[in-house]
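First up is the structure itself, then whatever we jot down about it.
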Amino acid sequence: MPETAQHVDPRRWKALIFIALAQLMVVLDATIVNIALPSAQADLGISDGNRQWVITAYALAFGGLLLFGGRIADLWGRKQTFLVGLVGFAAASAIGGAAVNTGMLLGARALQGVFGALLAPSALSLLAVMFTDPKERAKAFGVFGAIAGGGGAVGLILGGVLTEYLDWRWTFFVNIPFAIIAAVGAIAVIREPVESHNSSRLDIPGVLLASTGLVALVYGFTRAESDGWSAGPTVGLFVAAAVLLIAFLIVESRVKAPLLPLRVVANRNRGGVYASLGLAIIGMFGLFLFLTYYMQVVKGYSPVRTGFAFLPMVAGMITGSTQIGARLMTRVPARLLMGPGFLVASVGMLLLTQIDLDTSYPALILPAFLLLGLGMGTAFMPAMSLATHGVEPRDAGVASAMVNTSQQVGGAIGTALLNTIAASATTEYAKSHAAAASSRKALELQSMVHGYTSAIWWAVGILVLAAVIAITMVKAGQQENGGAVAGSGDGAAEDAIPVMVH
């Protein structure tokens, strides 16, 4: 018997609209605040040392609590968790927009992360249990994948428009109408299958170990970016994260009702999806940051123009996700979409290693963005679907949370790793070319660009590695039915066997 419930909800397509809207809100928030941060810092008098916490407070709460949020969705019910996440996220956004000092803003960002950790996995798992027909599932995950992939770039556009023409506070207030519309729509049309609930007791030791371990890991990469990889606090955080997460795995293998049933990640296909997605996000997050600074500082673009420059990437992601990935997912094995998709994206990334002070946007950056968008959109859609495909409905929340966790941790790693590489290359270039420089300003800009291209070369390699992992580890065939993943190899066999919840 297939693992996924065969319940068909007549209002599932209307539900998709509101689920996608909520997901867009969460994804937007990951980047929309970045462009508004300089204005917020000046307005509230945030010190240079504390400004990183506007981003870090959100990342720590969100990344650290995602597994907990996924299991809460399985226990409480995904619709209820979804609504609580929406209302809480909107309230936290209102507090952030009304902030009068640094503490109030940082507290609001942490609260956004907490409720985002409830909202994100419940949204994805609702799709997993509501769309069971393979063709419909492909279309639904095509929409969801396009939003997940392109939402960050849309956040840069919206952040630029709101900051330039209104006020930085609107980068928070804009979440409120999103949340209200999504909540009202969800109450009216979402009907979650009753049999998908999980009545097991909550694994408190698992919650504590996973949350503290992930927080230590994300914070460790944040400290690595500012203090260096060999600094005492950085090394201490990584050691603590390793100990806590190893202890978490030991506990999960022994308790009756684990927070993360190890069968979810031990499955070859899902393990390959989580690993390749995490690596791809490492490359992409750093790229957004570098190119934002490149276009504004080096090319002199305004925040709005910078945001719109990313539009072709968004268009490419939507096209790749809905027109390529969704159409082919039921016809070819997932690895033949994910692997080539990541490789196409790596070609786009390779083009960006050629940027210079006078690089033409139409001649080089535009085609690179289109390739990146098409490649990532094509790869993201089957990856997100396969990550929850073949999972017992009562585990859909935690399986969905693992998708978000791999992305969040990947984003933290990518920002810290690539920023560190860029900063080191920038410093070395400035030192070695100081004598021959025609002007200090020209040297500063050329050093900056050299740092970006050095880091982008690493991103190319990381995307190629993601492609290799997807092709070699993901052995599932095309998704032929609502529950099991058809295919050959060990991964397919494991997915075809129903697994009972403890």
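Note: hydrogens, waters and symmetry copies are ignored here, and every other heavy atom, side chains too, is used. Numbering starts at 1 and runs along the sequence shown.
Listed here is the closest heavy atom pair of Leu418 and Ile282: CD1-O, 3.6 Å. Pro367 approaches Pro362 most closely through the heavy-atom pair CD-O, 3.3 Å. A pairwise comparison of heavy atoms in Ala466 and Ala280 identifies CB-N, 4.2 Å as the closest pair. Considering every non-hydrogen atom in both Ile355 and Val449, the closest pair reads O-CG1, 3.5 Å. When every heavy atom of Ser276 is checked against every heavy atom of Met338, the shortest pair comes out as OG-CE, 3.3 Å. Met473 and Gly271 make their closest contact through CE-C, 4.0 Å (heavy atoms, listed as atom of the first residue, atom of the second, distance).
A distance-only check finds a donor-acceptor pair linking the side chain of His433 to the backbone of Tyr429 [under 3.5 Å]. Side-chain atoms of Tyr294 come within 3.5 Å of backbone atoms of Asp356 as a donor-acceptor pair (strictly under, hydrogens ignored). Here the side chain of Ser346 pairs no donor or acceptor atom with the backbone of Val464 at under 3.5 angstrom. A distance-only check finds a donor-acceptor pair linking the side chain of Arg109 to the backbone of Val54 [under 3.5 Å]. Although no hydrogens or angles enter the test, the distance criterion places no donor-acceptor pair under 3.5 Å between the side chain of Thr234 and the main chain of Ser230.
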Met448 and Val298: CA distance, side-chain angles, deciding distance, side chain to side chain contact (heavy atoms under 4.5 Å, CB included) verdict: CA-CA 8 Å; Met448 192 181 299; Val298 178; 4.1 Å; yes
Side chain to side chain contact (heavy atoms under 4.5 Å, CB included) between Phe89 and Val114, intermediate numbers included: CA-CA 8 Å; Phe89 200 91; Val114 170; over 6 Å; no
Check against side chain to side chain contact (heavy atoms under 4.5 Å, CB included), Leu364 and Leu352: CA-CA 7 Å; Leu364 191 141; Leu352 291 172; 4.3 Å; yes
Step-by-step side chain to side chain contact (heavy atoms under 4.5 Å, CB included) determination, Phe342 to Leu337: CA-CA 9 Å; Phe342 289 139; Leu337 292 173; over 6 Å; no
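In the model, Ser93 has a side-chain atom that pairs as donor or acceptor with a side-chain atom of Gln112 under 3.5 Å.
Taking the side chain as every heavy atom from C-beta outward, Gln323 and Ile318 never approach each other to under 4.5 Å. Residues Met284 and Leu372 are in side-chain contact: their nearest non-hydrogen atoms beyond the backbone lie under 4.5 Å apart. Side-chain contact between Val297 and Leu445: present, with at least one pair of heavy atoms (C-beta onward) separated by less than 4.5 Å. With contacts defined as side-chain heavy-atom distances shorter than 4.5 Å, the pair Met349/Ile456 qualifies.
Atoms CZ and OG1, from Arg335 and Thr472 in turn, are 10.0 Å apart once rounded to the nearest 0.5 Å. The CD1 atom of Ile281 lies 9.5 Å from the CG atom of Leu463; values are rounded to the nearest 0.5 Å. With values rounded to the nearest 0.5 angstrom, Lys299 atom NZ is found 6.0 Å from Ile365 atom CD1. Between the CG atom of Leu209 and the CD1 atom of Ile250 there is a distance of 9.5 Å, given to the nearest 0.5 Å. Taken from OH in Tyr452 to OG1 in Thr353, the straight-line distance is 16.0 Å, to the nearest 0.5 Å. Distance check, rounded to the nearest 0.5 Å: CG of Leu119 to CE of Met25 gives 5.0 Å.
Using bins of under 30°, 30° to 60° and over 60° for the plane-to-plane angle, the ring pair Phe310/Phe369 lands in the parallel bin.
No more than 12 heavy-atom neighbours from other residues, nucleotides or ligands sit within 6.0 angstrom of CH2 on Trp458.
Judged by the 6.0 Å and 45° rule, Arg305 forms a cation-pi pair with Tyr301.
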